[in-house]
K.L.:
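Supplied in structure tokens, the structure appears directly below.
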Amino acid sequence: MDKSKLYDSVIVGGGPAGMAAALSLYEEGIENIIILERDCELGGILNQCIHNGFGLHTFDEELSGPEYAIRYINMTAKIEHRLNTMVMNIQPVTENGKVLKEVTSYSSEHGLQILRTKSVILAMGCREKARGALNIPGTRPAGIYSAGTAQKFVNIDGFMPGREVVILGSGDIGLIMARRMTLEGAKVKLVAEIMPYSGGLKRNIVQCLDDFGIPLLLSHTVTKINGKDRVESVIISEVDEDLKPIPGTEEEVKCDTLLLSVGLIPENELSRNMGLTMSRSTRGPVVFENLETSCPGVFACGNVLHVHDLVDNVSKEAKQAGKNASEYIRSFDSSDAKDRYDPDPDSEIMKRFAKKNATRNGVNPNNVTKNPDGSTTHILPCITCPNGCILTVTEKEGSVISVSGNACDRGDTYARSEVLAPSRIVTSSVRVRGALRPVVSVRTASAIPKDRISEVIDLMKNTVADAPVNAGDVIIPNIADTGVDLIATYTIH
Ligand SMILES: Cc1cc2nc3c(=O)[nH]c(=O)nc-3n(C[C@H](O)[C@H](O)[C@H](O)COP(=O)(O)OP(=O)(O)OC[C@H]3O[C@@H](n4cnc5c(N)ncnc54)[C@H](O)[C@@H]3O)c2cc1C
């Protein structure tokens with residue numbers, strides 16, 4: 001351990017939270033900082049989220065996950081960071097009456113290291129709940145994956161985990177994987193959701209299920225998995241108000257793959273091991289209003305604190321954590337740690353953190369009424385942003401007469417286009433020759449007609465790009481004569 005070096009801050013995790021917190025510290029003039037990231041690149045979970053829908057608030061643009069990540073990677077280029085570096089322990093130590101922290105990490109390049117620091121920002125993200133947490137009866141065949149693992153296989157490693165798929169859980173990850181597997185040629189038989197409503201955003205129900213005719217079975221769950229070496233089928237049952245399977249409602253669905261998208265929990269080993277006060281509601285550390293945990297000088301932000309739906313909210317919260325940490329660092333030399341109390345994990349503020357939009361309802365995509373005057377009224381959810389405004393659109397003879405329910409102009413534009421000529425941005429991946437990774441993420445530069453999606457996907461499947469590919473490179477100009485280019489959203493060498 002190099003006792004002479006004392007960092008102002010060590011940031012654990014180089015996802016959007018870690019990068020935004022580090023950037024905020026840097027902008028506050030605190031430059032003696034380091035990001036430690038266990039993966040081989042910065043960006044966190046965003047690197048495998050190749051769909052669009054990120055950054056509407058932060059950049060006022062709809063970006064894919066890798067495009068959002070690269071913006072922060074560029075903005076944090078001056079900040080010291082170590083990749084392939086796993087933080088294994090954080091230990092508060094008292095030195096001359098001040099609480100310092102020793103951060104133990106391991107990497108093949110630097111070996112075992114202990115970094116001394118005045119403050120720590122925890123930004124380790126979250127992890128998926130596994131099948132074990134659900135106790136589904138049956139055997140243990142191959143073909144059962146968490147949705148995030150399947151997402152990594154398809155989007156980063158270029159493998160297809162299966163061909164006939166049932167998805168359990170209709171949160172955003174489950175919905176996004178339903179579309180992703182379909183675009184890659186799998187048959188997604190259904191998405192089963194134990195609750196009477198979907199936990200996903202309305203825009204994802206529309207774009208990921210309705211666009212491809214994938215059924216969403218609310219109040220249903222998987223009650224048995226069949227198959228010895230490989231999944232052969234699952235039994236789906238309806239559940240009652242107490243979420244208990246109703247006898248007699250069992251139905252066998254043939255499939256070779258079951259994707260579990262049954263929730264995320266903060267990556268909380270480090271927080272727990274260092275003795276932080278933990279919240280029973282969020283499963284992350286309890287924090288004060290300044291995002292400082294029960295250990296002075298240790299801050300938490302992003303999914304490690306509580307699971308966020310939107311990366312924009314992660315970046316905003318992390319920016320605040322960085323600013324608050326900068327104030328702590330400035331006061332570090334002038335004052336001793338203040339007396340602290342442990343906030344009640346069930347206090348109102350923690351409940352607010354824990355609140356997950358539990359009241360989001362499912363979406364009825366085909367709410368169309370013929371009016372006596374010959375016009376037609378459509379009721380549809382807006383998919384331009386996560387608010388999911390419910391729009392009422394009346395059209396007659398190919399022109400829109402009125403739009404209501406929209407909170408912004410984008411909603412009006414969407415309503416007109418959706419009723420007269422629906423279009424979508426398509427995100428997927430294409431194979432790459434001569435690079436370390438087998439696939440690169442791509443998207444159409446703008447929306448294409450919805451009825452051309454399968455044609456465009458077929459062209460992508462038959463395309464092999466030559467490395468190097470840079471984000472923004474045109475992979476297929478004017479794809480399928482749509483007038484729109486297919487562009488890379490990731491740089492790969
Ligand atoms: C499938 C999916 C779809 C999503 N879709 C959208 C969307 O459409 N729009 C949107 O706005 N948001 C979306 N989100 C949400 C958003 O991407 C996340 O909320 C956000 O990425 C969380 O950022 P984070 O930095 O907290 O965590 P992460 O991105 O998970 O980053 C945490 C980082 O910490 C590292 N780490 C963990 N432990 C250690 C350790 N011990 N040592 C060193 N490093 C460590 C990890 O390797 C990782 O890089 C989606 C999320 C998922 C999972």
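Whatever order the structure lists them in is the order used to number ligands and atoms, beginning at 1. All residue numbers refer to positions in the sequence shown, counting from 1.
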K.L.:
What atoms of ligand 1 come closer than 4.0 angstrom to any heavy atom of Leu46?
P.N.:
17 (O), 21 (O)
K.L.:
Give the residue and atom name of whichever protein heavy atom lies nearest to atom 30 (O) of ligand 1, and the separation in Å to one decimal.
P.N.:
Gly125 CA, 3.7 Å
K.L.:
Among all protein heavy atoms, pick out the one at the shortest distance from atom 34 (O) of ligand 1; state its residue, atom name and that distance to 0.1 Å.
P.N.:
Gly13 CA, 3.3 Å
K.L.:
Which of the atoms of ligand 1 are close to Leu310, meaning less than 4.0 Å from one of its heavy atoms?
P.N.:
10 (C), 11 (O), 12 (N)
K.L.:
Tell me the contacting part of Met88 for ligand 1: side chain, backbone, both, or neither, using a 4.0 Å heavy-atom threshold, strictly below.
P.N.:
neither
K.L.:
May I ask whether Thr85 places a heavy atom under 4.0 Å from ligand 1?
P.N.:
yes
K.L.:
Tell me whether Leu56 reaches ligand 1 (any heavy atom closer than 4.0 angstrom to a ligand atom).
P.N.:
no
K.L.:
Considering only the protein, which heavy-atom contact is closest to atom 49 (O) of ligand 1, and what is its distance?
P.N.:
Glu37 OE1, 2.7 Å
K.L.:
Give yes if a backbone or side-chain nitrogen or oxygen of Val311 is under 3.5 Å from a nitrogen or oxygen of ligand 1, and no if not.
P.N.:
yes
K.L.:
Using a strict 4.0 Å cut-off to heavy atoms of Gly53, name the atoms of ligand 1 that fall inside it.
P.N.:
7 (C), 8 (O), 9 (N), 10 (C), 11 (O)
K.L.:
Going from CG on Leu25 to CG on Asp8, what distance comes out if it is rounded to the nearest 0.5 angstrom?
P.N.:
8.5 Å
K.L.:
Give the numbers and elements of all ligand 1 atoms closer than 4.0 Å to a heavy atom of Ala123.
P.N.:
32 (C), 33 (C), 34 (O)
K.L.:
Please, which pairs that meet side-chain hydrogen bond (donor to acceptor under 3.5 Å, both in side chains) have at least one residue in residues 14-25, sequence neighbours excluded?
P.N.:
none
K.L.:
Would one find an N or O of Ala17, backbone or side chain, under 3.5 Å from an N or O of ligand 1?
P.N.:
yes
K.L.:
If we ignore hydrogens and angles and just use 3.5 Å, is the side chain of Ser261 paired with the main-chain N or O of Ala147 as donor and acceptor?
P.N.:
no
K.L.:
Testing the basics here: between Ser198 and Leu175, what is the closest heavy-atom pair and its distance to 0.1 Å?
P.N.:
OG-CD1, 4.3 Å
K.L.:
Side chain of Thr413, backbone of Gly411: donor and acceptor closer than 3.5 Å?
P.N.:
no
K.L.:
How many angstroms lie between CD1 in Ile73 and CG in Leu46, if you round to the nearest 0.5 Å?
P.N.:
9.0 Å
K.L.:
Stepwise, does the side-chain hydrogen bond (donor to acceptor under 3.5 Å, both in side chains) test hold for Ser428 with Arg180?
P.N.:
CA-CA 7 Å; Ser428 187; Arg180 191 72 193 104; 3.0 Å; yes
K.L.:
Which atoms of ligand 1 sit under 4.0 Å from any heavy atom of Met124?
P.N.:
32 (C), 34 (O), 37 (C), 38 (N), 39 (C)
K.L.:
Determine whether a donor-acceptor pair (N or O, by modelled atom type, separation under 3.5 Å) exists between the side chain of Ser315 and the backbone of Ala20.
P.N.:
no
K.L.:
Could you check Ile236, Val166, Ile194, Val253 and say which one makes a side chain to side chain contact (heavy atoms under 4.5 Å, CB included) with Leu217?
P.N.:
Ile236
K.L.:
Show the atoms of ligand 1 that are less than 4.0 angstrom away from any heavy atom in Gly15.
P.N.:
25 (O), 31 (O), 33 (C)
K.L.:
What distance separates Asp39 CG from Asn47 CG, expressed to the nearest 0.5 Å?
P.N.:
7.0 Å
K.L.:
Looking just at side-chain N and O atoms, do Tyr197 and Ser170 make a donor-acceptor pair shorter than 3.5 Å?
P.N.:
no
K.L.:
For ligand 1, which atoms sit closer than 4.0 Å to a heavy atom of Cys49?
P.N.:
1 (C), 2 (C), 3 (C), 52 (C)
K.L.:
Report the part of His51 (side chain from C-beta onward, or backbone N, CA, C, O) that has a heavy atom under 4.0 Å from ligand 1; answer both or neither where that applies.
P.N.:
side chain
K.L.:
Counting from 1, what ligand 1 atoms have a heavy atom of Val314 closer than 4.0 Å?
P.N.:
19 (O), 22 (C), 23 (O)
K.L.:
Are any of the N or O atoms of Val87 closer than 3.5 Å to those of ligand 1?
P.N.:
yes
K.L.:
Evaluate the side chain to side chain contact (heavy atoms under 4.5 Å, CB included) criterion for residues Asn324 and Glu292: first the C-alpha distance (whole Å), next the side-chain angles of each, then the deciding distance (0.1 Å), finally the verdict.
P.N.:
CA-CA 8 Å; Asn324 298 342; Glu292 191 176 10; over 6 Å; no
K.L.:
Mind listing the closest non-hydrogen atom pair of Ile453 and Leu183 along with its distance?
P.N.:
CG2-CD2, 4.1 Å
K.L.:
At under 4.0 Å between heavy atoms, is it the side chain or the backbone of Asp309 that contacts ligand 1, or both, or neither?
P.N.:
backbone
K.L.:
Has ligand 1 got any nitrogen or oxygen that is less than 3.5 angstrom from a nitrogen or oxygen of Glu267?
P.N.:
no
K.L.:
Would you mind checking which non-hydrogen protein atom is closest to atom 22 (C) of ligand 1, with the distance to 0.1 Å?
P.N.:
Asn303 ND2, 3.3 Å
K.L.:
Which protein heavy atom lies closest to atom 21 (O) of ligand 1, and at what distance to 0.1 Å?
P.N.:
Ile45 CG2, 3.1 Å
K.L.:
Yes or no: does Pro16 have any heavy atom under 4.0 Å from an atom of ligand 1?
P.N.:
yes
K.L.:
For ligand 1, indicate whether the residue Val307 contacts it via side chain, backbone, both or neither (heavy-atom separation under 4.0 Å).
P.N.:
neither
K.L.:
Indicate yes or no: does an N/O atom of Arg38 lie under 3.5 Å from an N/O atom of ligand 1?
P.N.:
yes
K.L.:
Check Glu37 against Gly15 and note the closest heavy-atom contact, atom names and distance.
P.N.:
OE1-N, 4.0 Å
K.L.:
Under 6.0 Å between ring centres, would you say that holds for Phe54 and Phe59?
P.N.:
no
K.L.:
Does the N or O separation between Asp39 and ligand 1 drop below 3.5 Å for any pair?
P.N.:
no
